[in-house]
Amino acid sequence: MTKNQTSTLNKIRSLINQLRQHNHAYYVLDNPTISDNEYDQLRRELVTLEDAYPDLVQPDSPTSQVGDKPLSAFTQVTHDIPMLSLGNVFDFDELGEFMRRVNDRLGSEQQNPAYEMELKLDGLAVSIKYEYGSFEQAVTRGDGQTGEDITQNVKTIRNLPLYLEQAKDIDLLEVRGEVLMPKAGFAKLNQTAEENGEKTFANPRNAAAGSLRQLDPAIAAARPLAFYGYSVNQGLPERILTQSEALNWLAELGFTISPFKVVKNSEEAQAYYESVINERADLPFEIDGTVIKVDDLALQEQLGSLSREPRWATAYKFPAETVMTTLNTIEWQVGRTGQLTPVGKLEPVQVGGVTVSNVTLHNFGEIQRLDVRAGDTVSVHRAGDVIPKVTRVWTEMRPDGTKPVTLPSHCPVCDSPVVLPEGEALARCSGGLFCPAQQQEALIHFVSRRAMDIDGLGERLLIRFFELGLVKTVADIYRLHEHREELVTFDKLGEKSVQNMLDAIEASKDTTLPRFIYALGIRGVGETTARNLAQQFGDLPALMQAGIETLADTPDVGDITAELIFDFFRAEHNLEVIEQLQASGVHWQPIEQVEAGELALDGQTWVITGTLSTMGRDDAKARLQAMGAKVSSSVSGKTDALLAGEKAGSKLAKAEKLGVKGVSEGEFWGMVKES
Ligand code: IVH
């Protein structure tokens, strides 16, 4: 054997071992260790190697069998007709190829047959037999030839008809379909399991599988299962000639069927597929694609089957949501407050229908938890609009010579030392406002709605100004009017939008002390802390001169934040910027300090609901807080009052139930005046 062959054989053996373990976890333990798609990828890799090296095909390769042996506790039953699986297509081109293959096998008068399309339900295939209309036996698919007798469990499924009046003259009727657990029932089941400290199921499919494998039918009976019929394999009346007629007949007999559609060509098939993608989230159960079947049953017969799948049908699957790829390198990005975020640069892959080439690894702690290294094979998951994430690192496939990731010692942007405080996962650049990455983010934060609220100056424009050197620090924003001419021609902004922008900048000069403190972007100082600091110190000079201990006396300010605030006001650069801002005319009314306990709503918790007509929500919140109240988002037993605007819905109802007092906008203004 050549060196090359030995290494290929090792790879094949390793893939077989991995697949066997996953098969066992999936089929026997109902506890899959990887996603279906990851499994398919491993399997495809094995098939490719076996095709290329037929001499190295192993006798125990899982490509020669489907699934693992069934559990022995149920009686095994051989299917009268094998239960096949389906091939896959993933896009319009592959769909076209499937239809071409069908045409190639049909006569010249039979070209371009009609197709019937259904949902590909994500549950378990079950064969059910009725004798003279009476439910007799239900069997799992098993390995396709032999399955397990789960009659007692299936009998408990609520939507399954146990007697078919219209089939009472048919000696043997075999209906096949999918047993699944609807999303709502699944959510409830898991919630109850969680409340009782029991193991939860990873997804509805596993929950359905786990339920059917119960030896005690009482447990299965308590599970919210449903049966959807999708084919009649024995006993179909001769007058029924197509799959779509067969489905309608199943519905007439009393079975639940999923919506289907007959299409004439690949364009119509594509349109159905796309409409299903759009409705997917609203369906009561999970699906992983559509199934397309030649509608004419005689043509199905004529087309026949390969060993494992029919030639007359295929699954048109949704884009994979979990995909394996290589993580090439790890780069570090620097955020507004200097935190270093590791970003994985991937070999680009299609996940959930889009190409993904970057994935956030969150922080150094996450890297250590995942034990991910440059060069690793990783699984990337992306569903819906959720940001992609690494869900698994395939350490078993790790190439030689990789090294554990280390934290950079210096900032990749400004080269200042990086610090990782003990016990923290977040590493930071120590460059502060000297670091361009932090300057940019500081600018964006400064103009944001809850800070200086300059909505005429958007993020993109601000970054452009920064890149051009027009704006370096937040103080430069108030000097932009000096560049009016330049701005008008810049990116064809035009006279009017430049004027709007400058007006917005001018208007922002009239601000409040809490907003200003918040806008400075001091680490650890969010809106609430900024408000507390303003209240505590009354004006800026007092705050700037405060010592660490005095700062730490402020509600909501811990020792670390106190130190950060103290340091901020000791940095020369920051003092200059503040001075420049005030010299440009940024100003606020001094705060009237109130002793604790003097405030009208001290110690009370308020909730705001409905549409307010005389003020914005933020405004109402600020006023309530100024009167000493805490503002919470949900009504509970601890709520003292509810400020209710128009169309106050469920919160008002809940408040009434709990006896929490409701306050109208008018009453609210009365209170504001009084206080
Ligand atoms: S037809 C030979 N129709 O998909 C025809 N199968 O990959 C095979 N499935 O084991 C079955 N929804 O569990 C068919 N509308 C549908 C289906 C469907 C889900 C599952 C079924 C089968 C697997 C094949």
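Both counts, for ligands and for their atoms, begin at 1 and track the order of listing. Only heavy atoms go into these numbers, but all of them, side chains included; no hydrogens, no water, no symmetry mates. Residue numbers run from 1 in the order of the sequence given. This is a predicted model, so every value here is computed, not measured.
Heavy atoms from other residues, nucleotides or ligands lying under 6.0 Å from NZ of Lys155 number 12 at most.
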Are there any protein N or O atoms under 3.5 Å from the N or O atoms of ligand 1? List them with distances, or say none.
residue, atom, partner, partner atom, Å
ligand 1, 3 (N), Lys293, NZ, 3.1
ligand 1, 4 (O), Lys120, NZ, 3.1
ligand 1, 7 (O), Leu86, N, 3.3
ligand 1, 12 (N), Leu121, N, 3.0
ligand 1, 13 (O), Glu178, OE1, 2.7
ligand 1, 13 (O), Glu178, OE2, 3.2
ligand 1, 15 (N), Glu118, OE1, 2.7
ligand 1, 15 (N), Leu119, O, 3.0

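Of the N and O atoms on the side chains of Gln270 and Glu274, at least one donor lies less than 3.5 Å from an acceptor on the other residue.
Aromatic pair Phe318/Tyr273: centroids less than 6.0 angstrom apart.
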Could you give the side-chain donor-acceptor pairs of residues 298-306 under 3.5 Å, partners two or more places apart or in another chain?
residue, atom, partner, partner atom, Å
Gln300, NE2, Val294, O, 2.8
Gln302, OE1, Gln110, NE2, 3.0
Gln302, NE2, Gln110, OE1, 3.0

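Considering Tyr230, Trp249, Tyr130 as possible partners of Phe255, the one that fulfils the ring-ring contact (aromatic ring centres under 6.0 Å, His included) test is Tyr130.
Taking the ring centre of Trp394 as origin, the terminal cationic atom of Arg398 falls outside the region bounded by 6.0 Å and 45° from the ring axis.
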